Number of protein chains: 2
Amino acid sequence: MRENRSQYAILSLLRLGPMSGYDIKTACESFFSHFWTESFGSIYPILNQLENRQQVRSYEDDKRTGGRNRRVYQITSAGRKALRAWLSKPPVQRSLRDELYLKLFNATLVPADVHRSHIEQLQTQLIALKQDLAQHMRELKAQHSASPDYTHWRLVVRAGQLSCDARLKWCREALAELSDQ
Amino acid sequence: MRENRSQYAILSLLRLGPMSGYDIKTACESFFSHFWTESFGSIYPILNQLENRQQVRSYEDDKRTGGRNRRVYQITSAGRKALRAWLSKPPVQRSLRDELYLKLFNATLVPADVHRSHIEQLQTQLIALKQDLAQHMRELKAQHSASPDYTHWRLVVRAGQLSCDARLKWCREALAELSDQ
DNA sequence: CCAGGCATGTAACTGGTTACATGATTTG
DNA sequence: CAAATCATGTAACCAGTTACATGCCTGG
């Protein structure tokens, strides 16, 4: 059984307060950036499904300034219950696929420069990610250190940092090894 | 454009020598275990597609002992060329989705034990993975240290090790933080 | 004789992305 | 007025998984 997880990502954000589909996308990009993504093509249809199942409720957000009308969703107790049920199940590892390593596995088929530049690109992305995560951590401390969620949110960001550092270390090792040949 | 990557995983293995669909699955599990998976449901149809495109050739493997007849595939120069073309393109990061962190984000909704046990489960898996990777590294050294692929294959395993260690470190930190509360 | 490993294949499904269509309002 | 931002939605697509069907041969 392969369950749609987008619904739980959406409910996770909705439990923080009422949001529109657009807000959910934005919140996803800021809160979940380093471990989860959602697209509009999932968000809007799933919000409708959740409403049919009475796991969210919505209302038209009238009298607002800028942009077209918004529909704002809020989680219901049925929604919270569904989220809780999912949380209790052990997380399942979905298939793992890392293109970089698959390419590196075949490195001898193309000039060495190719892979060096792929790794350098990754390194650049990771350096940017490292700064994002540091910034994220500072904001978390400043805005949520009193929240009961703080410990867990901190751990989530911390996981990103450790993983990012490990990959950066690998990039340095790999580049060193690939150049002295 | 979202390209089917299974075909390249299959070509990657086929460049090491002729294999059946079954062999490919097995090789995938041993060579790629920590960064790539394939299922029979992809392998067999894709082998046919590759043959139609003349990127692989096949023959019936008669007079063998045990099991039913095998069809053995070998890569052609067109196949090698297609693989090379893909290798040169920068690897694209496909959407990132880690259930554990999404669950942890909502940790306050369920008893603390739930997440502790999820993390302990992960820790157990990672310890097993660490041993697998160490074993894999030893075999690599023993069997392929003379091969031109050795440096790259070593780096691929090394990436798994660094990532595994980083995640283990996170598990320890997380469990420490979640228990003294 | 049956469980398990070897072996091939197909059908059904779906999660999730991409691209497109549409439109209001603000700002430079 | 064009571009950017806010905002919602749908249609098409497909990569990849799961489940099922089938069958040979070996060893306990």
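Predicted model, so just to flag it, every value in this text is computed and none were measured. In what follows, every chain begins at residue 1, and chains take the letters A, B, ... in the order their sequences are listed. Reckoned from all heavy atoms, side chains included, excluding hydrogens, waters and symmetry mates.
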| message | Less than 4.0 angstrom from a charged side-chain N to a carboxylate O is my criterion; do B/E29 and B/K25 meet it? | response |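 Between B/K25 and B/E29 there is a salt bridge, with a charged N closer than 4.0 Å to a carboxylate O.
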Please report, rounded to the nearest Å, how far the [atom2] atom of [N] is from the [atom1] atom of [X].
X: B/W86; N: D/dA15; atom1: CH2; atom2: P; value: 14 Å
X: B/R5; N: C/dG16; atom1: CZ; atom2: P; value: 14 Å
X: B/N4; N: C/dG16; atom1: CG; atom2: P; value: 18 Å

Which of the following nucleotides, [options], is nearest to the side chain of [X]?
X: A/F40; options: D/dT8, C/dG9, C/dT18; result: D/dT8
X: A/S42; options: C/dA7, D/dG16, C/dG16; result: C/dG16
X: B/R70; options: C/dT17, D/dT8, C/dT8; result: C/dT8
X: B/Y22; options: D/dT8, D/dG16, C/dC6; result: C/dC6

| query | More 5' along DNA chain D: B/R94 or A/Y44, using each one's nearest nucleotide? | reply | A/Y44
| Which residue, A/R2 or A/N48, contacts DNA chain D at a nucleotide closer to its 5' end, judged by nearest heavy atom? | A/N48
| query | Base, sugar-phosphate, or nothing: which does B/G41 touch, judged by heavy atoms less than 4.0 Å apart? | reply | base
| request: Looking at every strand, decide which applies to A/T37 at a 4.0 Å heavy-atom threshold: base, sugar-phosphate, or nothing. | output: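 Contact class for A/T37: sugar-phosphate only.
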| Aromatic plane relationship, B/H118 with B/H115 - under 30° parallel, 30 to 60° tilted, over 60° perpendicular |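 Geometry flag for B/H118 against B/H115: perpendicular rings.
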| Looking at A/L162, A/L133, A/D132, which hits side chain to side chain contact (heavy atoms under 4.5 Å, CB included) with A/V157? | A/L133
| Contact under 4.0 Å: B/N69 side-chain N or O vs C/dT8 OP1/OP2 |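 No, B/N69 has no side-chain N/O under 4.0 Å of OP1/OP2 on C/dT8.
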| query | How many angstroms lie between atom NZ of A/K130 and atom CD of A/Q135, to the nearest 0.5 angstrom? | reply | 14.5 Å
